[in-house]
Amino acid sequence: MAKEITTRADNYSDWYQDVVKKANLADHSAVKGCMVIKPYGFAIWEKIRDQLDTMFKETGHVNAYFPLFIPKSFLSKEAQHVDGFAKECAVVTHHRLMNAPDGSGVVVDPDAKLEEELIVRPTSETIIWNTYKDWINSYRDLPLLINQWANVVRWEMRTRLFLRTTEFLWQEGHTAHATKDEAVEETLKILDIYAKFSEEYMAMPVIKGIKTANERFAGADETYCIEALMQDGKALQAGTSHFLGQNFAKAFDVKFLNENNQQEFVWATSWGVSTRLMGGLIMTHSDDEGLVLPPKLAPVQVVIVPIPKPTPAIDEAAQKIMAALKAKGISVQYDQDMKNRPGFKFAEHELRGVPVRLGIGERDLANGQVEVARRDTKEKSAQNLEGIDRYIEDLLTDIQQNLFNRAAAFRTEQTRQVDNFDDFKSLIDTDMPGFLSAHWDGTTETELKIKELTKATIRCIPMEGDKEPGQCVLTGKPSAQRVLFAKAY
RNA sequence: CGGGAUGUAGCGCAGCCCGGUAGCGCACCUGCUUUGGGAGCAGGGGGUCCCAGGUUCAAAUCCUGGUAUCCCGACCA
């Protein structure tokens, strides 16, 4: 059939792309590296966005919006920061087009060259800290807890739908604090929100950890992250939260007067998650039949399919079920399409990951039942119409939990302790590399050497779990604790 | 940004080597029959053959350049 997708075993990359395209999440666009997020894909992103937004607001953050363009001079104020982003910036040099003299179309008007070139934001620290300078005078102005939902542009060499696109959507939080402790606390608070969101809403288990100096955000003193393991055994950085120290305060001269009437530099954090989460969501749960969505993020949680087609009696039963489900806050769609037969509809709703499907035929109605099919396990059962709303409410909770448990079990299976480099190499060089928990001597040199030899990078220094010291898997030198290695997206 | 592959109807592809009326499957339209896991038959509509140059009487096909996507590297959320 037209909608068949490549199997994961056959070609994981093709499978991923097939799911994204055939479940109508996104498409490639006319612009290199940029995607069109389609309505169904955007509906999922809206669910992600709305939930995170709620969680940020519950912790005292407010939204604002800063410009897309950043004066070139701003970017060079923090040395580490420029180094990190210089290679992937889009630059605006002119502000006007004109008709080509030879009539061949429009060309850039050479007279409209900008005095100072503008950078399309790859992230907003610089423009935001330039603004915060004006907003912060006293300790009474702190903390400043601001988030923005925005698009950013990073000119990537190689792109993949949702996972790495030239333009992407994200939220970036930028906070200012009077003390170091408060800023560190904020950084960790956000990391916890990210982890909670990933696990409770996306049903995607994550490891909270600290990035090595080598993997740290450009301009940060410390970068914390959540790392997830995808079904192909590769790691995905799903979110980062940075403790920026006083680096940006110093670069943009942001000082406040403390209670003792002394000038101090402000302490900062920044943190973000992006449309990359969509990629993580897809690659954590989906299968060879298509997308699998956790109920909490599914735009449509329940679909009702009349068998074989709508009739007055089936319509009536469907309407009753819909009313009962809606009363419980469950989103439900009745597939009244007359053109396609049930089998086609089943496949279609599976492809787009609807968690629960109800089949209603005359035979079911005669028995006072409906057929309930769950997307995660594909199990089907007959359930009584009476009390079906409660049954489905529980089922959705069960599916949400099952998806998380399944992903967590997978991650546990694919996380291995390794104590010598030969094992390390043979384990990482397979179709299912997974996480390798190994000792590391703490040097960037060793980290890079291991990357060169195995393609694996240190995803993070886990914050929880085994803290026993040991010997580095490559050099044998002392190691403070095990770190997590993986091949990464 | 380097190496490889691909671009032909909405989707998936054949045709290209060897230049000469643009094809197939699915989807779409009409009709009839079907209907508890991607329906069958019959008829029908739909094409700047990725773009721009060039060679030629003639280009989907040969040549040059560009562009997009995928895969493998290097770089990164």
Side-chain angles (χ1 to χ4, degrees), chain A residues 1-6 11-18 20-22 24 27-35 83-89 104-105 122-123 152-172 194 211 214-218 223 225-228 235-242 270-280 289-290 305-311 314 337-351 357-367 369-371 373 378 380 382 451-452 455 457 459 488-489:
Chain A
M1 292 303 294
K3 287 285 183 81
E4 255 173 36
I5 61 182
T6 310
N11 185 328
Y12 194 82
S13 275
D14 285 354
W15 166 81
Y16 175 78
Q17 278 210 91
D18 282 351
V20 170
K21 288 185 176 171
K22 293 183 176 166
N24 271 318
D27 254 332
H28 291 289
S29 71
V31 185
K32 184 180 175 65
C34 295
M35 64 178 167
D83 278 357
F85 289 105
K87 283 168 294 189
E88 48 188 31
C89 287
S104 61
T123 179
V152 286
V153 167
R154 296 183 187 173
W155 215 264
E156 301 288 352
M157 295 301 170
R158 191 173 159 188
T159 57
R160 306 189 69 185
L161 293 169
F162 289 117
L163 295 169
R164 175 168 290 106
T165 46
T166 299
E167 179 191 15
F168 57 95
L169 305 183
W170 77 345
Q171 58 71 215
E172 47 180 326
Y194 286 163
K211 285 292 187 188
N214 182 52
E215 299 268 336
R216 196 140 65 203
F217 175 73
T223 288
C225 62
I226 50 170
E227 294 283 331
L236 182 79
Q237 177 176 305
T240 50
S241 182
H242 315 290
S270 71
W271 28 274
V273 294
S274 71
T275 33
R276 174 177 251 204
L277 287 178
M278 295 283 293
E289 270 68 54
V305 177
I307 293 171
K309 61 183 178 185
T311 66
I314 293 173
D337 178 277
M338 293 292 286
K339 188 174 64 67
N340 292 307
R341 296 156 41 125
F344 183 90
K345 293 179 180 180
F346 294 171
E348 202 62 24
H349 296 306
E350 279 164 8
L351 179 58
R357 183 186 72 235
L358 303 183
I360 309 179
E362 300 289 352
R363 211 155 73 205
D364 300 300
L365 292 180
N367 297 329
Q369 293 185 321
V370 288
E371 181 189 75
K378 308 221 191 64
K380 288 194 283 195
K451 182 180 178 184
E452 185 193 326
K455 315 280 187 227
T457 51
R459 299 324 304 152
Y489 274 98

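Order of the sequence lines sets the chain letters (A, B, ...), proteins ahead of strands, with each chain counted from 1.
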- Message: Can you see if the side chain of A/Lys380 gets near the phosphate of B/rG37 - specifically, an N or O under 4.0 Å from OP1 or OP2?
- Response: no

- Task: Taking side chain to side chain donor-acceptor pair (under 3.5 Å) as the test, write out the residues that go with A/Tyr489, two or more places apart.
- Result: A/Asp232

- Item | Listed nucleotide nearest any side-chain atom of A/Arg341, set B/rC76, B/rC29, B/rU35 | B/rU35

- Task: Would you mind telling me which residue lines up with the more 5' stretch of RNA chain B, A/Lys451 or A/Gly343, judged by nearest nucleotide?
- Result: A/Gly343

- Item | Atom pair distance, as rounded to whole Å: CZ in A/Phe344 and C1' in B/rC11 | 12 Å

- Message: A/Arg160: which residues meet the side chain to side chain donor-acceptor pair (under 3.5 Å) condition with it, sequence neighbours left out?
- Response: A/Ser13

- Side chain of A/Asp364, base of B/rG36: donor and acceptor closer than 3.5 Å? yes

- NA contact type, A/Glu172, heavy-atom cut-off 4.0 Å: base, sugar-phosphate, or nothing? nothing

- Item | Per-nucleotide protein contact string for nucleotides 65-70 of chain B (B base, S sugar-phosphate only, - none; heavy atom under 4.0 Å) | ---SSS

- Do A/Lys378 and A/Glu350 meet the salt-bridge criterion of a basic N to acidic O distance under 4.0 Å? no

- Of A/Lys455 and A/Arg357, the one whose nearest nucleotide on RNA chain B sits closer to the 5' end is A/Arg357

- Message: Strictly below 4.0 Å: does A/Arg154 bring a side-chain N or O up to OP1 or OP2 of B/rC75?
- Response: no

- Counting any heavy atom closer than 4.0 Å, what does A/Lys309 reach on the DNA or RNA strands: base, sugar-phosphate only, or nothing? base

- Task: Measure from CE on A/Met157 to P on B/rA74 and round the result to the nearest Å.
- Result: 14 Å

